[in-house]
Number of protein chains: 2
Amino acid sequence: MVETRSPANPLFLRDEELRQGIELMFYAYRDFTFEIDQLLKHYQLGRAHHRALYFIGRHPGQTVGHLLSILKVTKQSISRVLKDLLEQGYVEQKSGPRDRRERRLWLTEKGQALERELTDRQSQRFARAYRETGAEAVEGFRKVMLGLLDPVERAEVDKRVRGSGR
Amino acid sequence: MVETRSPANPLFLRDEELRQGIELMFYAYRDFTFEIDQLLKHYQLGRAHHRALYFIGRHPGQTVGHLLSILKVTKQSISRVLKDLLEQGYVEQKSGPRDRRERRLWLTEKGQALERELTDRQSQRFARAYRETGAEAVEGFRKVMLGLLDPVERAEVDKRVRGSGR
DNA sequence: CTAGATAGGTCAGCAATACTGACCATGTCA
DNA sequence: TGACATGGTCAGTATTGCTGACCTATCTAG
């Protein structure tokens, strides 16, 4: 696996640097999701259920449409997942106060407990990473991650991510 | 969506900070993969094909087993993908020089061209993010991403990521 | 040389996730 | 009233992944 390169070529280094980013994205996401997928299997739920659970917990009372705009999947996909979560008592819905077509979503006690359990695992992973790297690195991480988003999404996500804190 | 919090409670802030990480991971990965998935559809290939293509290009001459250890999927899964890539002339294989049971993998010219096209898109995304945030942020990003990995994986990935550069 | 381990393939069956397309019910609002 | 929006549902399909079972070729140690 000997690769020729010119150490003096800044273009090569740049390319190398970018590939490192791509790979870190792959590896980090791989490990980040693997652990939780195992846990979900135990509850007979999938990753899609977790995503719905997480974002319903994060934005209580949001509509199905809002959830769709976050997850960026089709309503058919989310519909199946929500049906499971409703049936199993993790989520409850109420029609919107102004527009009664809307279904607004909340976690039940049971849903909150599960969400908490799942999120804790992932939080612990971040806590470890943050502890090991320090505040400055975390700020860099945050900036780069936001920079990776589609520009159209960025402001919205930035708001959403900081939203219920600070 | 009014959430009660005590601004003086460091535990809350910590929890909030960790949740931001989790969400950034979701949003960044979502946008990072969406664009390329569209392109892949055009070639009748899936994300799994891209991953194989990418890592074969990255580690030319590696064995199927090594690829498996990177992707962390079963041989049945990778086998199907490799079959497609071989049939369509993106990848070629030779038996190992010492151990002839091994199938060592390389990209063909055609495979290199496709890999380059796909990777370029993702590189451009990273290039933009890096440009907007600066070298310090990039270093922080790198550290945190490595910190998110399973500890057992970290040294190996760090080596692999830096591997063919620096 | 033989036995067991290893690298890898293959077949069958299954599940989760996501998609498109079509169609319907219910509300809102101009 | 009619156009539009929110949301659900049904049907069909593709991709990716899994488990389990079994096969071949090859290597290596005794």
Side-chain angles (χ1 to χ4, degrees), chain A residues 26 29-30 33-56 61-88 91-105, chain B residues 26 29-30 33-56 61-88 91-105:
Chain A
F26 167 75
Y29 199 78
R30 182 195 67 180
T33 51
F34 185 79
E35 180 184 24
I36 210 98
D37 282 349
Q38 301 309 103
L39 229 182
L40 283 162
K41 209 180 287 174
H42 180 259
Y43 288 97
Q44 308 256 59
L45 297 172
R47 200 183 290 180
H49 296 96
H50 179 215
R51 287 199 287 256
L53 211 54
Y54 181 90
F55 284 109
I56 293 169
Q62 77 186 315
T63 64
V64 172
H66 185 245
L67 186 56
L68 282 179
S69 76
I70 290 178
L71 300 178
K72 295 257 187 81
V73 294
T74 59
K75 60 181 178 175
Q76 290 89 333
S77 297
I78 202 63
S79 174
R80 222 174 350 180
V81 167
L82 283 178
K83 197 176 153 195
D84 292 344
L85 294 175
L86 285 163
E87 279 173 7
Q88 290 170 49
V91 167
E92 59 185 354
Q93 54 183 14
K94 297 174 199 155
S95 49
R98 291 209 312 252
D99 184 338
R100 279 169 38 225
R101 287 168 308 183
E102 293 174 348
R103 286 169 47 192
R104 290 176 173 264
L105 305 167
Chain B
F26 167 74
Y29 198 77
R30 181 195 67 181
T33 51
F34 185 79
E35 179 184 27
I36 210 99
D37 282 350
Q38 302 308 103
L39 229 181
L40 282 162
K41 210 180 288 173
H42 180 259
Y43 288 97
Q44 308 258 59
L45 297 172
R47 201 183 288 180
H49 295 96
H50 179 215
R51 288 200 285 257
L53 211 54
Y54 180 89
F55 284 108
I56 293 170
Q62 78 185 313
T63 63
V64 173
H66 186 244
L67 187 56
L68 281 179
S69 76
I70 290 178
L71 300 178
K72 296 256 186 83
V73 295
T74 59
K75 61 178 178 175
Q76 291 91 330
S77 298
I78 203 63
S79 176
R80 226 175 345 187
V81 167
L82 282 178
K83 198 177 153 193
D84 292 343
L85 294 175
L86 285 162
E87 278 174 8
Q88 290 169 49
V91 167
E92 60 185 354
Q93 55 183 12
K94 295 174 201 155
S95 50
R98 291 208 314 251
D99 185 336
R100 281 175 31 229
R101 286 169 307 182
E102 293 175 347
R103 286 167 48 192
R104 290 176 173 265
L105 304 167

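In what follows, chains are A, B, ... by sequence order, proteins preceding strands, each numbered from 1.
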Q: Tell me whether the centres of the aromatic rings in A:F26 and B:F55 are closer together than 6.0 Å.
A: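 Yes.
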Q: Starting at atom CZ of B:F34, determine the distance to atom C1' of C:dT17, rounded to an integer number of angstrom.
A: 15 Å
Q: Rounding to a whole Å, what distance do you find between B:L71:CG and D:dT15:C1'?
A: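 Atom-to-atom, B:L71 to D:dT15, this comes out as 16 Å.
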Q: Name the orientation class of the two ring planes belonging to A:Y29 and B:Y29 (parallel below 30°, tilted from 30 to 60°, perpendicular beyond 60°).
A: parallel
Q: Determine whether more than 12 heavy atoms belonging to other residues, nucleotides or ligands lie under 6.0 Å from atom NZ of A:K83.
A: no
Q: Which nucleotide wins on minimum distance to the side chain of B:R51, given the candidates C:dG8, D:dC27, D:dG17?
A: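 The nucleotide sitting nearest to the side chain is D:dG17.
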Q: Looking at C:dG21, D:dG20, D:dG7, which one has an atom nearest to any side-chain atom of A:Q76?
A: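 Within the option list, the nearest is C:dG21.
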Q: In whole Å, what is the span from the CD atom of B:Q62 to the C1' atom of C:dA7?
A: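 Checked: the CD to C1' distance equals 14 Å.
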Q: Run the salt bridge (charged side-chain N to carboxylate O under 4.0 Å, His left out) test against B:R101 and tell me which residues pass, sequence neighbours left out.
A: B:D99
Q: Do the side-chain N or O atoms of A:T74 get closer than 4.0 angstrom to the phosphate oxygens (OP1, OP2) of C:dC19?
A: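 Looking at the OP1 and OP2 atoms of C:dC19, one of them is under 4.0 Å from a side-chain N or O of A:T74.
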Q: Go through the N and O atoms of the side chain of B:R104 and the base of C:dA7, and report whether any donor-acceptor pair is under 3.5 Å.
A: no
Q: In this structure, how many angstroms lie between the P atom of C:dA18 and the CG atom of A:L67, rounded?
A: 11 Å
Q: Distance criterion of 3.5 Å, no angle test: do you see the side chain of B:R100 paired donor-to-acceptor with the base of C:dG8?
A: no
Q: Heavy-atom distance under 4.5 Å between the side chains of A:V64 and A:L67, does that happen here?
A: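 They are not in side-chain contact.
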Q: Report yes if a donor N or O on one partner sits less than 3.5 Å from an acceptor N or O on the other, where the partners are the side chain of B:R101 and the base of D:dT26; otherwise report no.
A: yes
Q: Quick one: closest heavy-atom pair of B:Q93 and B:L105, and the distance?
A: CB-CD2, 4.0 Å
Q: Under 4.0 Å between a side-chain N or O of A:S77 and OP1 or OP2 of C:dC19?
A: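 Yes, within the criterion.
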Q: So with a 6.0 Å cut-off around CD of B:Q38, is the heavy-atom count from everything else above 12?
A: yes
Q: Return the value, rounded to whole Å, for the distance between atom CD1 of B:I78 and atom P of C:dA7.
A: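 Going from CD1 in B:I78 over to P in C:dA7 covers 16 Å.
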Q: Suppose we call a contact any N or O donor and acceptor under 3.5 Å apart; does that hold for the side chain of A:Q93 and the base of D:dG7?
A: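 Under the 3.5 Å cut-off, the side chain and the base do not form any donor-acceptor pair.
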Q: Take atom CG of A:L86 and atom C1' of D:dT9, then tell me their distance rounded to the nearest Å.
A: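 After rounding, the gap between these two atoms is 15 Å.
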Q: What integer distance in Å separates B:D99:CG from D:dT24:C1'?
A: 14 Å
Q: Would you mind telling me which of C:dT17, D:dC27, D:dC18 lies closest to the side-chain atoms of B:V73?
A: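 Minimum distance to the B:V73 side chain belongs to D:dC18.
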Q: Rounded to whole angstroms, how far apart are NZ on B:K75 and P on C:dT6?
A: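 In whole Å, C:dT6 P and B:K75 NZ are 13 Å from each other.
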Q: Which residues in residues 37-50 of chain B have a heavy atom closer than 4.0 Å to any atom of DNA chain D?
A: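 Per residue number, the list reads B:G46, B:R47, B:A48, B:H49.
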Q: Kindly say whether B:T63 contributes a backbone atom to a donor-acceptor pair with the side chain of B:H66 at under 3.5 angstrom?
A: no
Q: Taking only the side-chain heavy atoms of A:R80 (C-beta and beyond), determine which of C:dC19, C:dG21, C:dT10 contains the nearest atom.
A: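 Per side-chain heavy atoms of A:R80, the pick is C:dC19.
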